[in-house]
Chemist: 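Handing you this structure, nothing more for now.
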Protein chains: 2
Amino acid sequence: MPHPLLYDRLLARGWRMTAQRRAVAQALVGDHVHLTADEVFREAQAALPEISLATVYNTLNDLVGMGEVREVSYDRGPMRYEPNGPRPHDHLVCVECGEIWDIELAGPVAELPEPQRRGYELLGVEVVFRGRCPRCAAR
Amino acid sequence: MPHPLLYDRLLARGWRMTAQRRAVAQALVGDHVHLTADEVFREAQAALPEISLATVYNTLNDLVGMGEVREVSYDRGPMRYEPNGPRPHDHLVCVECGEIWDIELAGPVAELPEPQRRGYELLGVEVVFRGRCPRCAAR
DNA sequence: ATATTTGCAAAGTGTTTGCACGTAA
DNA sequence: TTACGTGCAAACACTTTGCAAATAT
């Protein structure tokens, strides 16, 4: 099995396993993986030609619902999906081509001062660095 | 004129002024304003009933192109548009209803360590706090 | 055996575009 | 006067959904 950890987690949750779901989960293994639904579809098709795009969407939404996959979307364009690893991380995004890298910052990043909390129950902080990747800067 | 600064900036740029553009620009004045295109449309209609949604989109995109308006989009849902004020700011977002508040953090927020820069020319950092607003927490 | 998942096609959002008409400069 | 903005409707890109057939448990 190429991704025993994820695969086992899914089974342990009692997730009914099918070839389609395996193909989708397989496409989302790795670091710096931030695929659009269509890219996942094409990767999954390589392993299972008869899979449909609707099933890819259904499966991605299930995985997001269980917290195994995280959705990210910066600027325009389709939603991107990434495996939700054990350590939280932030992102570096190219404003021109949309390329995304995972980054890990050292300490706690920022505190939101009480007067600006508006009574919110805080759930998380995300930091997004934007820039131009070397490839885009060269053009 | 209810927003002389923005209005003057637009004229100074040689922007051809029309009733429609005035109505759109007017909808985007204020603090904590983060409107969808449709909300801008409805506000603009109040001042100018014959304005069309296509024109609202065209105008918003023009304003974004000139840097007078900033697009923000967190999680699902349509793009939101906010006036691009003189001070950069970050956001506090309700994960349930999508409400957005502007926040201003004290110091520079985070440095991206060199080994994680990937050769990018850095252009900006954004911090997004997520939480549940008091209204959603109550339900 | 049966509750769940799949694939298809159709519908749903949100946004952009082509073109004839209107209007600011 | 004319280059540019507008409105309409149609097209577009992305995502979700209804339902009959297929399948994991």
Side-chain angles (χ1 to χ4, degrees), chain A residues 1 7-8 10-28 34-45 47-66 68-82 98, chain B residues 1 7-8 10-28 34-45 47-66 68-82 98:
Chain A
M1 222 34 60
Y7 187 82
D8 289 351
L10 296 175
L11 288 180
R13 286 169 181 276
W15 206 42
R16 185 184 282 216
M17 192 48 67
T18 67
Q20 289 84 340
R21 289 176 165 189
R22 206 156 30 232
V24 168
Q26 222 139 226
L28 286 166
H34 310 90
L35 300 173
T36 64
D38 203 71
E39 288 164 349
V40 171
F41 178 49
R42 289 207 287 270
E43 284 225 14
Q45 269 189 319
L48 190 71
E50 65 271 32
I51 195 173
S52 77
L53 181 56
T55 294
V56 170
Y57 274 107
N58 288 339
T59 305
L60 288 172
N61 285 336
D62 289 351
L63 289 166
V64 170
M66 318 179 189
E68 292 290 352
V69 164
R70 190 171 144 201
E71 294 177 305
V72 300
S73 161
Y74 304 115
D75 312 311
R76 288 179 156 88
M79 189 66 75
R80 291 182 171 274
Y81 300 86
E82 68 172 355
Chain B
M1 220 38 58
Y7 188 81
D8 288 351
L10 295 176
L11 289 180
R13 286 168 181 276
W15 206 42
R16 184 185 284 213
M17 192 49 68
T18 67
Q20 289 85 340
R21 290 177 165 190
R22 206 155 33 230
V24 168
Q26 223 138 230
L28 287 166
H34 309 91
L35 300 173
T36 64
D38 203 72
E39 288 164 349
V40 171
F41 178 49
R42 288 207 287 272
E43 283 225 15
Q45 270 189 316
L48 190 71
E50 66 272 32
I51 195 174
S52 77
L53 181 56
T55 294
V56 170
Y57 273 107
N58 288 339
T59 304
L60 288 172
N61 285 336
D62 288 352
L63 289 166
V64 170
M66 323 180 184
E68 292 290 351
V69 164
R70 189 172 144 201
E71 295 178 304
V72 300
S73 161
Y74 303 115
D75 313 311
R76 290 180 154 87
M79 190 66 74
R80 290 180 173 275
Y81 299 87
E82 67 172 356

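Labels below follow one simple rule: chain letters A, B, ... track the order of the sequence lines, proteins then strands, and each chain is numbered from 1. Note: hydrogens, waters and symmetry copies are ignored here, and every other heavy atom, side chains too, is used.
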Chemist: Can you tell me which nucleotide in C:dT15, D:dT6, D:dT17 comes closest to the side chain of A:Ala54?
Modeler: D:dT17
Chemist: Reckon B:Thr18 has a side-chain N or O less than 4.0 Å from the OP1 or OP2 of D:dG5?
Modeler: no
Chemist: Run B:Val56 and B:Gln45 through side chain to side chain contact (heavy atoms under 4.5 Å, CB included) and show every step you take.
Modeler: CA-CA 10 Å; B:Val56 170; B:Gln45 270 189 316; over 6 Å; no
Chemist: Give the rounded distance in Å between these two atoms: OH of A:Tyr81 and P of D:dC14.
Modeler: 12 Å
Chemist: Taking B:Arg80 for the side chain and B:His34 for the main chain, is one N or O donor matched with an acceptor at less than 3.5 Å?
Modeler: yes
Chemist: Please state how far atom CG in A:Leu53 lies from atom C1' in D:dT15, giving the value in whole angstrom units.
Modeler: 8 Å
Chemist: Over how many whole Å does the gap from A:Asp62 atom CG to D:dT17 atom P extend?
Modeler: 12 Å
Chemist: Send over the distance from A:Trp15 CH2 to C:dT6 C1', rounded to a whole Å.
Modeler: 13 Å
Chemist: When you match B:Val56 and B:Arg16 each to their closest nucleotide on DNA chain D, which lands nearer the 5' end?
Modeler: B:Arg16
Chemist: Is the side chain of A:Arg21 donor-acceptor paired with the backbone N or O of A:Arg16 at a distance under 3.5 Å, no angle test?
Modeler: yes
Chemist: Output the rounded distance in Å from CD (B:Gln45) to C1' (D:dT6).
Modeler: 14 Å
Chemist: Is any side-chain heavy atom of B:Thr36 closer than 4.5 Å to a side-chain heavy atom of B:Glu39?
Modeler: yes
Chemist: Rounding to an integer number of Å, can you tell me how far A:Met17 CE sits from D:dA24 C1'?
Modeler: 11 Å
Chemist: Side chain of B:Tyr57 only, heavy atoms from C-beta on: which candidate in C:dC8, D:dC14, C:dT15 is closest?
Modeler: C:dT15
Chemist: Would you classify A:Asn58 as touching base, sugar-phosphate or nothing, given that sugar-phosphate means primed atoms plus P, OP1 and OP2, and contacts are heavy atoms under 4.0 Å?
Modeler: base
Chemist: In whole Å, what is the span from the CG atom of B:Leu48 to the C1' atom of D:dG5?
Modeler: 13 Å
Chemist: Please state whether the phosphate of D:dT15, meaning OP1 or OP2, lies under 4.0 angstrom from any side-chain nitrogen or oxygen of A:Asn61.
Modeler: no
Chemist: At under 4.0 Å, does any side-chain N or O of A:Thr55 touch on OP1 or OP2 of C:dG7?
Modeler: yes
Chemist: If only side-chain N and O atoms of A:Arg76 are considered, is one of them under 4.0 Å from the OP1 or OP2 phosphate oxygen of C:dT16?
Modeler: yes
Chemist: Okay, side chain of A:Arg13, backbone of A:Met66: is any donor-acceptor separation there less than 3.5 Å?
Modeler: yes
Chemist: Looking at A:Gln20, I'd like to know whether one of its side-chain N or O atoms comes within less than 4.0 Å of OP1 or OP2 on D:dT23.
Modeler: no
Chemist: Expressed in angstrom and rounded to an integer, what is the separation of A:Phe41 atom CZ from C:dG7 atom P?
Modeler: 9 Å
